[in-house]
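In this text the structure is predicted, and so the values were computed from the model without any measurement.
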Amino acid sequence: RLSPGDRDLLSDFEGISHICRALAAPPHAWRGEAMLAFCRLMPEICRTSQVNRGTVRDEGFVAGAVTLLKWATTEGDEASAMAACIALTAACTANDGNKRAAAQLP
């Protein structure tokens, strides 16, 4: 059984970094089923871990989720838009750095 402390292991062993690098690279380019699955998991990953919330920003996931949301709304892909919104809500809760990144502010 997983414990809340297990979430931090994703950052400790660079799990989030590896996942983000794979999602950013072709053929995914921050889209596809793997990206949608990772977006839907983001509430569990970010819930109690400030480290994980910072890591998803540092590894480009927040910007990638914004890109996915822009694409999904343009293309009318409701499932992708919902997944991106779930991910952004989770990543930005209690994290001003992620809010700035999502708003694409300098």
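Both V66 and L68 are part of a single hydrophobic cluster, where members link through side-chain heavy atoms under 4.5 Å apart. In this structure, M42 is a member of the same hydrophobic cluster as W71, with clusters built from ILVMFWY side-chain heavy atoms closer than 4.5 Å. Linking Ile, Leu, Val, Met, Phe, Trp and Tyr residues whenever their side-chain heavy atoms come within less than 4.5 Å leaves L69 and M82 in two separate clusters. Placement of L41 and L36 within a single hydrophobic cluster is found when ILVMFWY residues are connected by side-chain heavy-atom separations under 4.5 Å, directly or transitively.
Of all heavy-atom pairs spanning A84 and A65, the tightest one is CB-O, 3.6 Å. Residues A34 and H28 approach most closely at CB-CE1, 4.3 Å, considering heavy atoms. Of all heavy-atom pairs between A72 and A81, the closest is CB-N, 3.4 Å. The two residues V62 and A91 have their closest heavy-atom pair at CG2-CB, 4.1 Å.
Between the R53 side chain and the C46 main chain, a donor and an acceptor come within less than 3.5 Å of each other.
When the side chain to side chain donor-acceptor pair (under 3.5 Å) test is applied to T67, no partner is found at least two apart in sequence or on another chain. Not counting sequence neighbours, the partners of C20 by the side-chain contact (heavy atoms from CB on, under 4.5 Å) test are I16, W30, F38, E59, F61. Contacts of D58 classified as side chain to side chain donor-acceptor pair (under 3.5 Å), with partners at least two apart in sequence or in another chain: none.
Rounding to the nearest 0.5 Å places CG of N98 at 12.0 Å from OG1 of T89. In this structure, CD in Q104 is found 3.5 Å from NZ in K70, a value given to the nearest 0.5 Å.
The side-chain heavy atoms of N95 and Q50, taken from C-beta on, include a pair separated by under 4.5 Å.
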